[in-house]
Protein chains: 2
Amino acid sequence: MALIQSKTVANQVDEILLERIRDGNYLPGSRMPSESELSDELGVSRATVRTALAKLAANGLILRKQGDGTYVNARVRDVSAHFGNLWDLVQLIEGNGYKPSIRFISIQKRPATDKEALALALEEGDDLICIRRLFFADHKPVSLADNFIPFSLLREPLESINGQLHIRDIFHNYFHQDIAFVITDIRSTIIGEETRAFLGGQSDRAILNLSISFYGKNNLPLAFGINHFDDSVLRLSLVQAWA
Amino acid sequence: MALIQSKTVANQVDEILLERIRDGNYLPGSRMPSESELSDELGVSRATVRTALAKLAANGLILRKQGDGTYVNARVRDVSAHFGNLWDLVQLIEGNGYKPSIRFISIQKRPATDKEALALALEEGDDLICIRRLFFADHKPVSLADNFIPFSLLREPLESINGQLHIRDIFHNYFHQDIAFVITDIRSTIIGEETRAFLGGQSDRAILNLSISFYGKNNLPLAFGINHFDDSVLRLSLVQAWA
DNA sequence: AAGTGGTCTAGACCACGGC
DNA sequence: CCGTGGTCTAGACCACTTG
């Protein structure tokens with residue numbers, strides 16, 4: 001098969017199908033080729049085709065009907081996020097149809113408060129790296145993101161950190177750690193004065209508050225993040241297949 | 001193997017493993033038996049074991065390490081929801097450690113407004129069924145849930161509807177339809193007077209607002225729901241494995 | 001009846017981690 | 001090195017929908 005070497009075969013199949021959907025080779029609402037046909041055409045086993053299709057179905061991009069066929073979901077155009085990229089603000093902003101950009105506000109080292117020490121399994125007073133960034137959608141500020149990481153985990157010079165990167169890549173590049181899972185708390189709050197200084201707008205309005213704990217494979221907390229999220233500009237919209 | 005007949009083999013394996021984790025047969029943080037061992041013990045193929053394990057891993061209940069083993073995630077105790085049951089308020093309330101109950105407020109038939117007609121692909125003025133329910137956590141009101149369903153889809157007497165059921169079951173039992181996928185919008189709002197009459201509390205506080213569109217296999221909208229959600233009582237907390 | 005997706009099996013090879 | 005999970009294959013049977 002004509003697949004460039006990269007990732008797994010199933011992921012490559014997934015990308016091919018995604019491309020065909022985006023390019024309109026498979027039109028919204030229409031029936032896609034059957035699993036056997038795809039299996040033959042791409043020269044992979046039916047099981048591999050199925051794992052790729054399963055991923056698309058889980059994200060709501062296709063609908064599968066036993067005894068009938070697989071259909072492209074026509075309704076997913078106006079959805080900004082899928083379960084799984086809830087924390088990828090750049091993708092979220094793009095999904096809403098805006099041009100994303102990031103302003104690096106500050107990075108500093110300071111001792112952890114007792115609350116922070118507890119959340120990150122540190123001793124009170126251990127050093128913390130605090131990264132503050134502001135996300136823009138078409139030059140309009142939409143999210144203030146703070147991330148707190150134990151200083152002891154840092155493996156590269158503090159100054160070398162590139163504030164434009166995704167947290168995943170920041171961790172990979174400068175901390176030599178990979179994130180295994182996250183726990184996200186979604187809350188609704190009245191915007192605070194500090195946040196309003198960055199996001200602007202009325203003083204008594206409600207904003208979304210995403211508190212995210214990042215954990216490594218060893219089950220230890222790697223970082224803690226808070227996203228103050230202006231949902232008057234950005235829609236947090238999720239698709240998911242029904243269990 | 002000693003499996004009662006129900007669902008698929010993979011789901012049965014999934015339930016067995018879940019039970020062993022909950023019962024403490026597999027302790028938090030400890031290593032579980034390998035895939036081959038489980039495969040031998042339960043008398044199913046390794047592939048089947050893997051699909052069950054994949055589900056647990058996706059929900060963050062276990063951590064898988066290539067070349068090492070599978071570990072029970074010790075940190076998932078205090079998580080109230082998983083991706084996939086975000087709309088199951090009863091489960092959410094239980095996950096927060098409260099006893100859930102539902103008060104049926106009202107059910108009525110009325111013509112759809114233009115906005116509602118658009119969302120549900122109806123003609124303006126077509127009849128709508130409006131179901132209003134109030135969810136309690138230990139007798140404390142935590143969520144006001146409105147659901148709007150086209151009257152034309154109803155297949156059973158309006159009066160026979162059991163307001164204690166999950167939306168999934170209401171659809172299955174009284175509308176003879178199954179939900180294929182949902183699109184959820186998460187918003188933050190100041191509590192309205194009407195909602196506050198049910199949920200109580202201060203007048204200027206922020207609450208979560210989950211707008212949910214339900215779609216069928218045919219890609220047509222089946223229903224629209226709005227959950228006004230008091231996040232001062234109930235934590236909306238999600239685990240997910242990192243992609 | 002034919003074709004679809006849904007499930008399951010048995011076996012293979014690989015990449016990785018710990019010993 | 002060995003055992004682990006990660007990936008893939010080929011083939012089978014089933015449940016379902018459609019003509």
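Only a predicted model underlies this, so the values are computations on that prediction, with no experimental measurement involved. Residue numbers begin at 1 in each chain, while the letters A, B, ... track the order of the sequences. Because only heavy atoms are used, hydrogens play no part in the values below, and waters and symmetry mates are left out as well, while side chains stay in.
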(message) Can you give me the first and the last nucleotide of DNA chain C (5' to 3') that has an atom within less than 4.0 angstrom of a non-hydrogen atom in chain A?
(response) C:dG3 to C:dT7
(request) Could you grab the distance from atom CD1 of A:Ile212 to atom CG of A:Asp146, nearest 0.5 Å is fine? (result) 11.5 Å
(message) Quick check on the helix from C:dA1-D:dT18 to C:dG18-D:dC1: what's the angle between its two end axes, five base pairs per end, to the nearest 10°?
(response) 0°
(message) Counting C-beta onward and ignoring hydrogens, is there a side-chain heavy-atom pair between A:Phe104 and A:Asn162 closer than 4.5 Å?
(response) no
Extract from the structure each pairing of a protein N or O with an N or O of nucleotides 17-19 of chain D at less than 3.5 Å, listing the distance.
from: D:dT17; atom 1: O4'; to: A:Gly67; atom 2: O; distance (Å): 3.4
from: D:dT17; atom 1: O2; to: A:Gly67; atom 2: O; distance (Å): 3.3

(message) Would you say that A:Met32 contacts A:Arg20 through its side chain, given a criterion of any heavy-atom pair below 4.5 Å between the two side chains?
(response) no
(request) Any chance you could measure B:Asn227, atom CG, to B:Arg133, atom CZ, to the nearest 0.5 Å? (result) 9.0 Å
(request) Give the rounded distance in Å between these two atoms: CD1 of B:Ile62 and P of D:dT4. (result) 15 Å
(message) Between A:Leu154 and A:Ile161, is there a side-chain heavy-atom distance shorter than 4.5 Å?
(response) yes
(message) Within the 4.5 Å heavy-atom criterion, are A:Asn219 and B:Tyr71 side-chain neighbours or not?
(response) no
(request) Drop me the distance from B:Phe175's CZ to B:Glu156's CD, to the nearest 0.5 angstrom. (result) 10.0 Å
(request) Taking atom CD of B:Glu123 as the centre, report whether more than 12 heavy atoms of other residues, nucleotides or ligands fall under 6.0 Å from it. (result) no
(request) Write down the distance between CG (B:Leu63) and C1' (D:dG5), rounded to a whole number of angstrom. (result) 13 Å
(request) Taking the side chain as every heavy atom from C-beta outward, state whether A:Leu61 and A:Leu18 have any atom pair closer than 4.5 Å. (result) yes
(request) Nearest whole angstrom, please: distance from the P of D:dC16 to the CD of A:Glu35. (result) 16 Å
(request) Calculate, to the nearest 0.5 Å, the distance between atoms OG1 and CZ belonging to A:Thr70 and A:Arg31 respectively. (result) 9.0 Å
(request) Would you kindly compare A:Ser45 and B:Thr70 by the position of their nearest DNA chain D nucleotide and give the one closer to the 5′ end? (result) B:Thr70
